[in-house]
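Keep in mind that the numbers below use all heavy atoms, side chains included, and drop hydrogens, waters and symmetry copies. Not measured: the values here are computed from a predicted model. Below, chains carry the letters A, B, ... as their sequence lines are ordered, and counting in each starts from 1.
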Amino acid sequence: MASCACEKIDLTQEDAALDKLLDQYRDYRGGLIPVLQEAQNIYGYLPKEALQKIAKELNMPFSKVFGVVTFYAQFHLKPRGRYIARICLGTACHVRGGSKIFEAAKDHLGVDAGGTTEDLRFTLETVACIGACGLSPCMMIDEDTHGRLSPKVVGDILDKYE
Amino acid sequence: MNNLNELRAKCKEIYKQKLSRPRVVVGLGTCGIASGGDKVMAAIKKEVEARGLDVDVDFTSCIGMCYREPMVEVALPGAASVVYGDIFPDKVAQLLESHIVNKKPVYEWAAIQIPGEATPYEGIDIMEQSSYYGKQVRSVTSRLGRTNPEKIEEYIATGGYEGIEKCLQMERQAIIDEIKKSGLRGRGGGGFPTGNKWQFVYNTPGEKKYAVCNADEGDPGAFMDRSVLEGDPHSVLEGMMIAGLAIGADEGYIYCRAEYPLAIRRLNLAIAEAEKHGILGDKILGSNFSFRIKIKAGAGAFVCGEETALLNSIEGQRGMPRVRPPFPAISGLWAKPTCLNNVETYANVPFIIRKGADWYASMGTEKSKGSKVFCLTGKINNTGLAEVPMGITLREVIFNIAGGIQDGKKFKAVQSGGPSGGCLPEEKLDLSVDYDSLTAAGAIMGSGGLVVMDETTCMVDVAKFFLNFTQLESCGKCTPCREGTKRMLELLQKICDGKGELKDLDTLERLAKVIKSSALCGLGQTCPNPVLTTLRYFRKEYEAHIVDKRCPAGVCAALLCYVVVAEKCTGCGACLRACPAGAITGEKKEPHSIDTSKCIKCGACMTKCKFDAIIKA
């Protein structure tokens with residue numbers, strides 16, 4: 001029988017962190033999602049090798065892990081930008097011109113929804129409501145919420161994130 | 001059993017101390033921070049230090065007037081406390097100079113005042129009498145914008161944890177009876193009587209039971225749960241503890257969406273503080289009742305707001321709904337009996353226990369008791385959070401509290417209940433806001449988001465917007481929802497593109513009915529509501545799209561026609577240069593014209609025109 005490919009991976013710093021994480025969650029019920037969330041924090045995304053390792057260590061089929069990863073919007077299989085710009089397209093923002101904010105961000109960064117800039121600085125996403133409807137239209141850059149936007153100010157705000 | 005008397009006395013003393021000192025308090029909920037509240041906070045600290053002022057600088061959560069954020073409260077001992085709106089860093093120096101140093105409020109910046117026992121200032125609205133708060137009741141939101149949510153002392157000093165203390169002396173059935181008597185119904189949307197739900201879980205035999213809090217507030221346009229979690233996290237913990245005690249659970253989970261990092265942080269802090277004081281954990285207050293609460297961060301799936309999908313997600317699976325029955329009360333988390341309630345429902349519980357079921361039931365209508373927190377958003381003047389007694393009319397909420405429509409435009413519709421709700425027209429404005437009236441009108445109470453739309457909103461576009469949302473968020477488990485929403489969306493797109501036929505409306509209605517009656521979970525069963533209500537109340541607008549090939553609100557790009565108003569056109573040529581399609585012609589200083597066959601309807605000409613000479617027709 002062919003040996004599992006994950007044994008051949010170099011133990012980089014991230015892999016060591018993943019090992020530590022898995023030790024913590026081995027006997028934790030329903031731990032798959034928190035493990036994936038923290039693994040994504042470690043790597044910035046979820047590389048195939050990491051998913052294989054998680055499946056093996058948590059003793060579940062790879063298909064199940066892959067199924068969960070692809071079900072939730074939060075998980076990503078490709079490298080992401082250092083900053084995540086999420087433009088809100090919820091109802092309140094939609095009514096107040098959220099799509100124009102999105103267009104402005106798209107033009108400024110030169111990538112479409114789900115895209116990452118070449119310098120890996122930004123990933124542009126849309127979100128269906130960040131709960132800051134009182135300030136619509138709004139967007140979130142990582143954990144910072146920016147409200148009462150107009151297409152003109154979007155570029156300046158993005159530029160502040162180096 | 002130990003009681004909290006000693007701790008409570010200490011907390012009250014600390015809180016009294018705080019109120020007896022001059023203080024400046026900044027609203028730091030997500031909305032306050034997004035408006036620049038943290039920068040205002042930094043500016044205040046700097047100014048206070050530079051001038052060596054004897055004043056405490058503190059923060060609170062969102063008081064509810066999102067439209068006036070960033071908000072800063074200034075209070076001097078013995079005087080009314082004044083809450084200022086739109087305080088940006090450049091106003092800080094003048095504010096402190098006037099109110100703290102010279103002891104004179106800056107009247108023109110003041111939003112409201114809270115006199116307490118002091119004499120009110122003349123010329124500033126008193127909170128309870130102001131147009132925004134006058135018709136509100138503040139119960140669940142009473143601590144929002146008033147206390148520091150990161151200090152357990154302030155929660156305890158203001159009556160916090162009296163509920164669980166009282167319940168520990170009661171029979172478990174008596175607690176459930178009290179909740180039943182209060183008439184509290186689920187605040188997440190369904191409106192199921194909370195006491196009955198608790199009774200089911202109580203009656204189900206089992207050693208292990210769970211109390212779960214649904215904080216996966218995903219409805220676009222709703223943020224009351226975030227506001228409560230950020231502003232009064234302990235009230236949710238206390239509500240869950242009381243539920244746990246009543247139903248016989250020793251473990252609770254809060255499933256909070258990951259888009260609310262501040263709420264998660266404040267919850268974690270609240271749990272740690274409550275554990276430190278022996279209020280949460282093993283043998284609470286020396287009784288035999290043990291209860292632990294864990295937080296699970298959601299991973300970005302709207303359907304996880306559906307109770308059984310949420311349970312699957314906590315278990316680490318894909319968040320797909322389960323077939324009911326069995327209901328979670330019988331077989332929920334890890335197949336154990338589970339009591340699942342929403343944030344606002346749990347937050348109501350300590351108040352009901354403390355003030356009594358009769359007090360609670362005295363508010364509201366016959367079948368919808370108590371108060372409900374609404375999020376007012378869209379094209380209104382005052383966006384924000386408002387807690388109103390059930391039975392108030394939509395008109396009072398929109399035109400009194402929310403201050404009417406922005407820019408003097410005309411009201412067109414109000415959307416209640418998010419993607420599961422419906423759009424109600426002007427003639428429904430006098431409808432009483434309660435579970436049954438809203439359902440009868442085709443909308444639902446939902447979580448309490450009210451998105452107001454004016455004449456510039458296209459109702460077909462709104463219906464398409466919601467369906468696009470539910471279609472993307474459909475988990476794919478059952479066919480009616482997975483395939484049906486897709487087909488409905490195609491039809492709406494066809495109508496917006498000007499290719500609709502009248503028979504499409506019948507097909508839409510038929511599909512909607514099939515999905516409603518056959519989808520597996522709440523998401524599917526309610527997602528046709530926005531289409532059905534717009535068809536019911538705004539059918540003429542659909543017909544205009546189909547028959548006249550016209551979008552009356554001027555939103556649907558394919559049906560628009562840009563024209564030059566010859567009287568206003570100066571012939572400057574700005575539009576001509578801006579047009580990417582070469583559709584505009586005209587001599588200099590002569591009115592230009594647009595060739596509609598070449599026009600790609602991008603709107604660039606209209607944006608560029610300085611004379612408002614190009615209009616959408």
Side-chain angles (χ1 to χ4, degrees), chain A residues 25 28-38 40 54 58 60 64-76 86 88-100 103 125-149 151, chain B residues 30-31 33-35 62 65-67 69 217-223 225-227 257-263 296-302 304 313-320 333-334 375-379 383-385 415 418-419 449 451-454 457 461-462 465-466 469 472-473 475:
Chain A
Y25 277 98
Y28 186 96
R29 252 178 140 189
L32 178 58
I33 292 173
V35 165
L36 291 170
Q37 283 168 331
E38 289 184 40
Q40 184 159 284
I54 290 169
L58 295 184
M60 53 178 73
K64 187 185 166 185
V65 176
F66 188 75
V68 169
V69 168
T70 50
F71 183 84
Y72 294 100
Q74 196 189 42
F75 297 125
H76 303 279
R86 283 186 275 185
C88 181
L89 294 180
T91 324
C93 288
H94 177 76
V95 173
R96 284 199 182 184
S99 56
K100 289 193 181 119
E103 290 295 324
E125 289 181 351
T126 62
V127 56
C129 189
I130 54 176
C133 316
L135 305 172
S136 58
C138 52
M139 69 174 172
M140 233 173 143
I141 300 179
D142 285 355
E143 296 198 349
D144 303 341
T145 310
H146 300 271
R148 291 187 189 128
L149 299 174
Chain B
T30 291
C31 41
I33 296 171
S35 312
C62 173
M65 301 173 96
C66 298
Y67 65 107
E69 294 282 4
E217 183 176 56
D219 277 8
F223 52 92
D225 292 350
R226 171 180 67 68
S227 303
R257 63 194 295 234
E259 285 86 346
Y260 289 175
L262 184 64
K296 284 269 180 176
F302 176 70
C304 288
S313 187
I314 294 181
E315 290 180 13
Q317 325 220 18
R318 286 198 249 176
M320 284 181 161
L333 191 58
W334 286 298
C375 292
L376 315 172
T377 61
K379 304 259 181 105
T383 54
L385 198 70
Q415 211 280 346
V451 185
V452 178
M453 297 160 190
D454 67 8
T457 315
D461 175 66
V462 166
F465 167 81
F466 279 115
F469 176 85
L472 284 172
E473 294 292 346
C475 78

**OP:** Without swapping roles, check the side chain of A/Gln37 against the backbone of B/Ala297 for a donor-acceptor pair under 3.5 Å.
**Re:** yes

Original post:
If you take all heavy atoms of A/Gln74 and B/Ala258, which pair is closest and at what distance?
Top reply: NE2-CB, 3.2 Å

Original post:
Got a sec, which residues hit side chain to side chain contact (heavy atoms under 4.5 Å, CB included) with B/Cys304, two or more places apart in sequence or on another chain?
Top reply: A/Tyr72, B/Asp216, B/Tyr255, B/Ala301, B/Ser313

**OP:** Decide yes or no for A/Leu89 and B/Phe469: does some side-chain heavy atom of the first lie under 4.5 Å from some side-chain heavy atom of the second?
**Re:** no

**OP:** Quick one: which of B/Lys296, B/Met65, B/Glu473, B/Gln415 has the most heavy-atom pairs under 4.5 Å with chain A, could you say?
**Re:** B/Lys296

Original post:
With only heavy atoms counted, which part of A/Met140 is less than 4.5 Å from chain B, the side chain, the backbone, both or neither?
Top reply: side chain

**OP:** Identify which part of A/Ser136 has an atom lying under 4.5 Å from any heavy atom of chain B, answering side chain, backbone, both or neither.
**Re:** neither

**OP:** Could you tell me which of B/Phe223, B/Trp334, B/Phe302 has the largest number of non-hydrogen atom pairs under 4.5 Å with chain A?
**Re:** B/Trp334

Original post:
Of all heavy-atom pairs between A/Cys133 and B/Ala222, which one has the smallest distance, and what is that distance?
Top reply: SG-N, 4.0 Å

Subject >> Shortest non-hydrogen contact between A/Ala92 and B/Gly378, atoms and distance >> reply: CB-N, 4.4 Å

Original post:
When only pairs under 4.5 Å are counted, which of A/Cys88, A/Ala128, A/Gly147 shares the most heavy-atom pairs with chain B?
Top reply: A/Ala128

Original post:
If you take all heavy atoms of A/Thr91 and B/Pro220, which pair is closest and at what distance?
Top reply: OG1-CB, 3.1 Å

Original post:
If you round to the nearest 0.5 Å, how far is CG of B/Asp461 from NE2 of A/His94?
Top reply: 4.0 Å

Subject >> Nearest heavy atoms of A/Leu135 and B/Cys31, plus distance in Å >> reply: CD1-O, 3.2 Å

Original post:
Most heavy-atom pairs under 4.5 angstrom with chain A, which of B/Gly449, B/Cys62, B/Gly298?
Top reply: B/Gly298

Subject >> Among A/Gly90, A/Ala132, A/Cys138, residue most engaged with chain B (heavy-atom pairs, under 4.5 Å) >> reply: A/Gly90

Please list, one pair per line, the donor and acceptor atoms closer than 3.5 Å that link side chains of residues 29-36 of chain A to other protein atoms, with sequence neighbours excluded.
none

Subject >> Contact origin within B/Phe465 toward chain A - heavy atom pairs under 4.5 Å >> reply: side chain

Original post:
Taking B/Arg318 as the fixed residue, which of A/Val69, A/Thr70, A/Val68 is the one that meets the side chain to side chain contact (heavy atoms under 4.5 Å, CB included) rule?
Top reply: A/Val68

Subject >> Minimal non-hydrogen separation, A/Val95 against B/Val452, with atom names >> reply: CG1-O, 4.2 Å

Original post:
Among A/His146, A/Arg148, A/Glu143, which has the most heavy-atom pairs under 4.5 Å with chain B?
Top reply: A/Arg148

Subject >> Nearest-0.5 Å distance that lies between atom CD in B/Glu217 and atom SG in A/Cys129 >> reply: 7.5 Å

Original post:
Contact part of B/Asp225 toward chain A, heavy-atom cut-off under 4.5 Å: side chain, backbone, both or neither?
Top reply: neither

**OP:** Kindly check if the number of other-residue, nucleotide or ligand heavy atoms within 6.0 Å of CZ (A/Phe66) is above 12?
**Re:** no

